[in-house]
Amino acid sequence: MGLLRRMAEYFEPETRDQEEPSWDYLSGHNTVAPVNARVAENLSTVLACVGAISGSIASLPTYIYRREGDNRVEDPTHPLGRLIHLGPNRWQTWPDFVEWLLASTLLRGNGLAEIVTDHQGQVVELRPIPWDWVAVQLLPNGRLAYDVTELTSVYGGTGRMRRLLQDEVLHLRDRTDDGLLGRSRLTRAAAAVGAALSTQEFAGSMWKNGANPSGAIKVPAKLDTDQRNEIRKGMEAFKGAANAHKMLILEAGMEWESISMNPEDAELLASRKFSVEELARIYGVPPPIIGDLTHGTFTNAETVGRWFAQQTLSLWIRKLEAEMVRSVFSETSRATHMLDFDLSGFQRGDPESRWTSHKIAKDAGILTANEIRQVEGWNPLPGGNGLETNSPVGE
């Protein structure tokens, strides 16, 4: 019996502790609120930052190009191209999948999807796997193995573990400490996130349990129960928006005294405003992008949007393109094809800038009229394939 037990222990797969040391520290050895991805999304700033990054990239047009010498031609027949147009699985569209993958990475440091192939080895599905289901093992050959315990989900879920090898998954990572697994920004700045959660919880308790009247009526003598009830009944006529600014008549030496916000409450509001900026800084999102217009104006809105695209989104777009090419493309496709998230899609909501750039490109002989019409989704015109003859490029 001892031999069988030792054999079972030998072949039992090693599991990785799902909790990071920072979680344990926060939950048991600190005064700030415990932090995890689900709890952190209760902070509107975290939710808005994750939504701004993942939603913006998911909205971009995505193309698969085939290299032909110095040219590139869109290839919708590529296996990944079909998933882009038809959806990566039976439940999600392409924007849904990209948004989910990036949100998982931003909140948990890692986003994982199973690469399902047919008998010819071509990709037919990208199936999302919640990171909470995964335990990662480093094999003796230096490659990674992903032990997935599927819980109840749209895929069924038996509770049994199955192992996926490194070539069978798409793994998007946030910045790593070991080059293998990403580490969530929520764990790197756990103290800042926990402080914001504690502040929010304190504010909620204060408004829920505290007494915060806008004013008080002072009387020169002590009132009995009937008198107090009579005054309360008379004040009912001033409740609600329809009764705002009605004239209040005070009798028998009564005086009205307004009650303003005390310094402690004002300091709490300032702390909550600071937490918005601090959390936005963690994700590299300008506060105006997530609705904090304290330092935003209509004059700098365009600059803020351009900064967000260049400094924040461009990194995630490049990481996403590179990881998909590395994981989803075959070795042959990597040499002949490329994946492109078209950043010009951000101009769809700004027709003035879009048409200004089109005019500049046409006047400079960079784009033809029909190429511009193709970008806009319009049919070509006869004679619209020529470049401007008066432009330096067209000469």
Side-chain angles (χ1 to χ4, degrees), residues 18 36-64 79-117 123-136 146 148-157 164 168-176 181-187 283-285 289-290 312-329 339-342 345-346:
Q18 297 295 317
N36 59 49
R38 190 174 298 277
V39 172
E41 278 196 289
N42 285 293
L43 292 169
S44 62
T45 305
V46 172
L47 181 63
C49 288
V50 172
I53 297 174
S54 60
S56 296
I57 297 176
S59 69
L60 294 176
T62 311
Y63 304 102
I64 301 293
L80 183 57
R82 290 197 296 269
L83 298 185
I84 292 173
H85 290 287
L86 302 178
N89 52 63
R90 288 177 290 174
W91 301 275
Q92 291 178 303
T93 63
W94 179 255
D96 290 334
F97 175 77
V98 172
E99 184 181 35
W100 171 86
L101 185 64
L102 283 164
S104 176
T105 308
L106 290 165
L107 290 171
R108 295 170 174 82
N110 299 272
L112 194 71
E114 180 182 358
I115 302 173
V116 182
T117 58
V123 179
V124 295
E125 187 178 354
L126 294 175
R127 180 177 297 176
I129 300 176
W131 187 249
D132 295 336
W133 295 1
V134 183
V136 183
Y146 301 81
V148 181
T149 304
E150 293 185 349
L151 305 179
T152 303
S153 70
V154 294
Y155 307 113
L164 297 174
E168 298 175 319
V169 297
L170 165 67
H171 185 183
L172 184 65
R173 304 167 176 85
D174 204 343
R175 182 165 65 89
T176 75
L181 299 179
R183 186 177 172 191
S184 170
R185 300 179 182 216
L186 300 178
T187 67
Y283 282 102
V285 177
I289 296 294
I290 57 174
T312 304
L313 298 183
S314 60
L315 170 63
W316 285 107
I317 291 172
R318 185 68 190 107
K319 286 167 71 76
L320 192 56
E321 290 174 343
E323 183 58 34
M324 285 193 172
V325 169
R326 189 182 73 88
S327 301
V328 182
F329 281 30
L339 173 69
D340 180 51
F341 283 81
D342 190 0
F346 287 137

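Basis for what follows: all heavy atoms, side chains included, without hydrogens, waters or symmetry-related copies.
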> Mind checking what makes side-chain contact (heavy atoms from CB on, under 4.5 Å) contact with Ala48, not counting sequence neighbours?
Replying inline: Ile290
> What is the minimum heavy-atom distance between Pro95 and Ala58, and which atoms define it?
Replying inline: O-CB, 3.3 Å
>> Can you list everything that forms a side-chain hydrogen bond (donor to acceptor under 3.5 Å, both in side chains) with Tyr283? Sequence neighbours excluded, please.
In response: none
> How would you list, by chain and number, every residue that makes a side-chain hydrogen bond (donor to acceptor under 3.5 Å, both in side chains) with Thr312, sequence neighbours excluded?
Replying inline: none
>> Once rounded to the nearest 0.5 Å, what's the spacing between atom OG1 of Thr187 and atom CG of Asn36?
In response: 11.5 Å
>> Quick one, Asp132 and Arg108 - any side-chain contact, counting heavy atoms below 4.5 Å?
In response: yes
> Between Glu125 and Leu83, does a side-chain contact (heavy atoms from CB on, under 4.5 Å) hold up when you go through it step by step?
Replying inline: CA-CA 7 Å; Glu125 187 178 354; Leu83 298 185; 5.6 Å; no
>> Applying side-chain contact (heavy atoms from CB on, under 4.5 Å), can you list everything that pairs with Ser314, at least two apart in sequence or on another chain?
In response: none
> To the nearest 0.5 Å, how far apart are CG in Leu101 and CG in Leu106?
Replying inline: 9.5 Å
>> Using modelled atom types and a 3.5 Å cut-off, is there a donor and acceptor pairing between side-chain atoms of Thr105 and backbone atoms of Asp174?
In response: no
>> Minimum heavy-atom separation for Leu186 and Ala40, please, with both atom names.
In response: CD1-CB, 3.6 Å
> What pairs with Arg326 under side-chain hydrogen bond (donor to acceptor under 3.5 Å, both in side chains), at least two apart in sequence or on another chain?
Replying inline: Glu323
>> Quick check for you: to the nearest 0.5 Å, what is the distance between Ile57 atom CD1 and Leu320 atom CG?
In response: 7.0 Å
>> Taking salt bridge (charged side-chain N to carboxylate O under 4.0 Å, His left out) as the definition, give me every residue that meets it alongside Glu114, ordered by chain and number, with sequence neighbours left out.
In response: Arg162
> Does Ser56 have any side-chain hydrogen bond (donor to acceptor under 3.5 Å, both in side chains) partners at least two apart in sequence or in another chain, and if so, which?
Replying inline: none
> What distance separates Arg185 CZ from Leu107 CG, expressed to the nearest 0.5 Å?
Replying inline: 11.0 Å
>> Asn110: which residues meet the side-chain contact (heavy atoms from CB on, under 4.5 Å) condition with it, sequence neighbours left out?
In response: Trp131, His171, Arg173, Leu181
> How about Ser104 and Leu172: do any of their side-chain heavy atoms sit closer than 4.5 Å?
Replying inline: no
> How long is the gap from CG on Asn89 to CZ on Arg127, to the nearest 0.5 Å?
Replying inline: 8.0 Å
> Which atoms form the tightest heavy-atom contact between Val134 and Leu112, and what is the distance?
Replying inline: CG2-CD2, 3.7 Å
>> Tell me every residue that passes ring pair (Phe, Tyr, Trp, His ring centres under 6.0 Å) with Phe341, counting only those two or more places apart in sequence or in another chain.
In response: none
> side-chain contact (heavy atoms from CB on, under 4.5 Å) with Ile84: which residues, sequence neighbours excluded?
Replying inline: Thr62, Ile64, Leu80, Trp94, Leu339
